[in-house]
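Read through the structure below, which is laid out as structure tokens, and then see the notes.
Chain identifiers are assigned alphabetically (A, B, ...) following the order of the sequence lines, protein sequences preceding nucleic acid strands; residue numbering begins at 1 within each chain.
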Amino acid sequence: MKWEDCKKDIDRRGSLPEDWFVLGIDLGTTNSVVSYYSPSSGAPETIDVSDGFGKIPLPSVVQWRDGGEWVVGEEAYRSIKLYPDSTVRSAKRYMGTDKTFRLGGKDYAPEEISAKILEELASRARAINPKAEIAGLVVSVPYGFDDAAKKATIRACELAGLGGGLICLIEEPKAAALAMNFKRELEDGERVLVFDFGGGTLDITVFSVTEEPPGLTRLTVISEGGDAAHGGDALDAILTEQCYDWIEAKTGQTRESIVPENRAEVEIRAREAKERLSGAKSFRVPFTFMIPPFIENLTRERYEGLAAAFIEKTRQLTQKALRGAYKGALAPGDISRVLLEGGSSAAPWVRDMLNGVFGDESKIYQSERPALDISVGAAYYAAMKMGLLAGREFSAERRAVAFSGSVPHDIGLEVTNGAKKVFYTLIRRGTPYALARKDAVFTLSGSRPEDMTRFDLRVLERINRDDPVEDCRLIGDIEVTGLPPRPSGGTRLRITLSAAEEGGVVSGMVEDAGGGYKRNFTPQRGKKTRV
Amino acid sequence: MSGFVLGIDIGADSSAVAYYDAVRGEAAAVDISGGYGVPSSPTVVEYANGEWVFGEYALSGGEDGAVFTRLPERLGKGEYASAGGRPTPIREITGEYIRDMIAFVKGADPKAGVEAIVAASPADWPAAAAEDLRAAFVHAGYGSALADIRDARECAAARLLAGRDGQPTIIADFGAGAFRVGLYERRGGFVDCLSSVSYPDLGADALGRAADSFVAGLYEKSAGEPSARDVRQLERFCRSHRRLLLGRQSAKDVKLYVSFAYPPFAMTARDADIRAVTKPFAEGIRAAVTAAGERAAVSAVCLMGGGFEYPFARAAAAKAFPRAELICPKVPAVALAEGACLIAAAGLGLAPAFPKLRDVNRLSRGVGVRVRAGNAARFFPIAPEGAYWWDKFPEGTFLLTEPTDAPPVVEIYSGGRDGVKLTDLTLTGLPRRPAGTTVVGVSLAFSAADTLDVAVRDVGFGEQFPSAGGSARTKVKLETI
């Protein structure tokens, strides 16, 4: 079934069937959140998965224990010190890479770890209504996620047993903007910069808001930036290093000589210090687990000094996102609102830095529920796709919202130009998804007969505009076979690449310009797709 | 409307703030927890190294800061506390906390000001405490925005009783300091409070202490007495695991991981033992809710207060009136702030006007004894004005200046100078005694809202004129109290 079919089914029934769940999941690096669309309130409701710990989000922590028991979330986080070698945190950072986690003698891919988190979130949702099926699921991903990471996210959903319903991805800033629109109306002509600073990633996205036709709020991505590996975890790492320096100075022990459970405790203390310094100007970090025990005072000033390079990079990424707008650079004055999202945006230096860039404190908006917005926005998106928001009685709310998203990175092919390999751009960053279907014709040549019947195609994604081909990310290798045998230079092939509007997943097609041969493909990182 | 319309509930244990969402026409609580995703924050303030720290950050503070808790209970008493060596009034500390709470809200729209605030206060709060709270708002810079301080019951009714006209409804508030339960009914432009009782021993604090003691016991069984170094860590551990024990969704054992110990270890809280901790509270809640509505056709039981985030407490309250509808807001801890916010919005004409609370069970005039001395008569209240009819009133004793030649008559009045005589009670069977040697005790008790039981007895006068045991009693039917 497709989203459109669901929408028709709901139209026919007149309401969302009671046994259908429509979910939005924020699969975060540090914490994950699940919301469901509540037909009674006409809005998403966040599901409290805190297990009584007073924090709604579920820590994105997965633990394997002897006997094959998997523990996910708060309990896994709380017991890191007891199971330091079999606990995985921040698996999202490695989505779409070859990284594996060895647990219980077996290697697990990042998507398999993420699947455990999704399973846990889905089980909490099902507990609300055990008879309900998950009919539609929207999972958020960072704007800067490459194709492999997006496909790994979808794979994680399938591994979690969520493949029975509809799955789609939404970029996190889009979800945040959507949640904000429903909470506080965006106005025609505004340019909103969403600064989504999470545990693993920084997404900076600028939306232009238009109302056309009247009554329809259109959010168009006009710039995006950030860094998929620039998040709060990096600050934890900086503070962890500082903690090891203190430990060495006070006890003479080095990182390597400390037992694993105490290394886990050092990381917890570093994170605790970072969080505490969001609300206080100093924190006495207790190292009571060391022998001899000691306490070190860490001031916010000192912490920001340690993180100076990181903070400077954040500033540069913000300015770069303004400069790199698709249709010409934006000045800070062109931005009407800056919306802070993500747990790491609570740090005071973030606001100070943005005040410095934009020169106007009154532009900086902090969400009323920064920890929950992405998941709420994802659930709104799922509800929109099912047509559940149309015709609601909340007449004061702008329920008709459309996105004009754009492809965040250049997408193209590796081609040989003489002896040199180069990146051939097919879809440029900033291309609206509606137009993200581009083709090019290549002439096949070779000295051997098999050079004309088969060839290898390498689909790449260029994250930064100036990256050489070696630094481009591999979307997938395609082996094209079964071409008609012709003399060298006698075959002209049309290669088409497209990026789907929902999450930007890349697919393609190879077509013989002479007719007859036509194959579709979906490149997969890590395995060669044969067509 | 260009500014925020706010409702604020500063509770003894945790606080919440809600703003009026004009788009949806409802009160919406704000996440003031600093990213924990929950819309309430501990009412804890710390002063350390020359700065104020609030909520969760204060709770997880260092060893050497001055920590201030239970602020609302300390208002109105002229109390000062030392903050960095400076004697600081509690109202100022409360003001710092209020300023921080409102800063969270303003982050959502930095261009907007604060249009109006209604703060919830405990029922029967002393006037001095309310004055201190006003001063706290002034200190925070929001003195002019504070529109009113309203009785918490009124805020609760505003949040929970909309659309329930003519339906007797129980509101149970499981707050930190006490478990409060009352019966309410919307009628004739008022919300009548038909009963309201407070049970301090059933408060969430008492429950938390029981849970802490249980966890500390488990720790001692596993690791022995905590060292001086670990005592504070254990206290924090117990507090942070309260919710884990009490808020569990299913009846199963709970594992606790003691990471602060060396070596770290796990301990198991068995389901039966956790039940033993919660059982007296579950039984108490059920009994209290049952008592609140036993004479009425209760249509719904509404739950609010942080304690009702625990499933066992919700289940216990539901058992009191299984046929009544159970209404529990998604976050019961913020219902008061939301109600206060709705009252503020109604005051500005943004939300439907909400009927005022009427304490139909409070005595509009004192009830007591009128004693004659010569030509003058003086009224001595036994049940004072403003008391609830179900309150217990201490016995009043009166020295009779007349000899007991004739049986003394005790006149029971409602109200002082312009009071109404309710009844005369004649104390017969007294032996003859000289003037000024007879003391009578007068007891008043309401067996129902409209029925006053009056009892008079001979108390005696020293060893020389002991009580002869004479007494008299009667019932008075009242039209109104």
Please say whether more than 12 non-hydrogen atoms of neighbouring residues, nucleotides or ligands are located less than 6.0 Å from CD1 in A:I128.
-> yes
Do NZ/NE/NH1/NH2 and the carboxylate oxygens of B:K330 and A:E45 come within less than 4.0 Å?
-> yes
From CG (B:L256) to OG (A:S79), nearest 0.5 Å | 11.0 Å
Atom group of A:T46 that falls short of 4.5 Å from chain B, counting heavy atoms | both
Are A:R337 and B:P110 side-chain neighbours, meaning at least one heavy-atom pair lies under 4.5 Å?
-> no
Could you go step by step and tell me if B:S259 and A:E265 meet the side-chain contact (heavy atoms from CB on, under 4.5 Å) rule?
-> CA-CA 8 Å; B:S259 292; A:E265 186 71 15; 4.1 Å; yes
Measure B:A261 against the heavy atoms of chain A and call it side chain, backbone, both or neither at under 4.5 Å.
-> backbone
For A:E75 against B:K255, the heavy-atom pair lying closest together | OE2-CB, 4.0 Å
Between NZ of A:K281 and CH2 of B:W52, what distance do you get to the nearest 0.5 Å?
-> 13.0 Å
Could you tell me whether A:R276 and B:E46 have a side-chain N and a carboxylate O separated by less than 4.0 Å?
-> yes
At what distance, to the nearest 0.5 angstrom, does OH of A:Y83 lie from OH of B:Y257?
-> 5.5 Å
Chain B: which of A:V259, A:T299, A:L82 shares the most heavy-atom pairs with it under 4.5 Å?
-> A:L82
Turns out that what part of A:I364 lies under 4.5 Å from chain B's heavy atoms comes down to backbone
To the nearest 0.5 Å, tell me how far A:Q366 CD sits from B:F104 CZ.
-> 8.0 Å
Could you look at B:Q233 and say if it's the side chain, the backbone, both or neither that has a heavy atom under 4.5 Å from chain A?
-> side chain
Here the pair of heavy atoms bringing B:S240 nearest to A:R78 is OG-NH1, 4.0 Å
Measure distances from A:E361 to the heavy atoms of chain B and classify the residue's part below 4.5 Å as side chain, backbone, both or neither.
-> backbone
When heavy-atom pairs shorter than 4.5 Å are enumerated against chain A, which of B:F260, B:F265, B:F54 gives the highest number?
-> B:F265
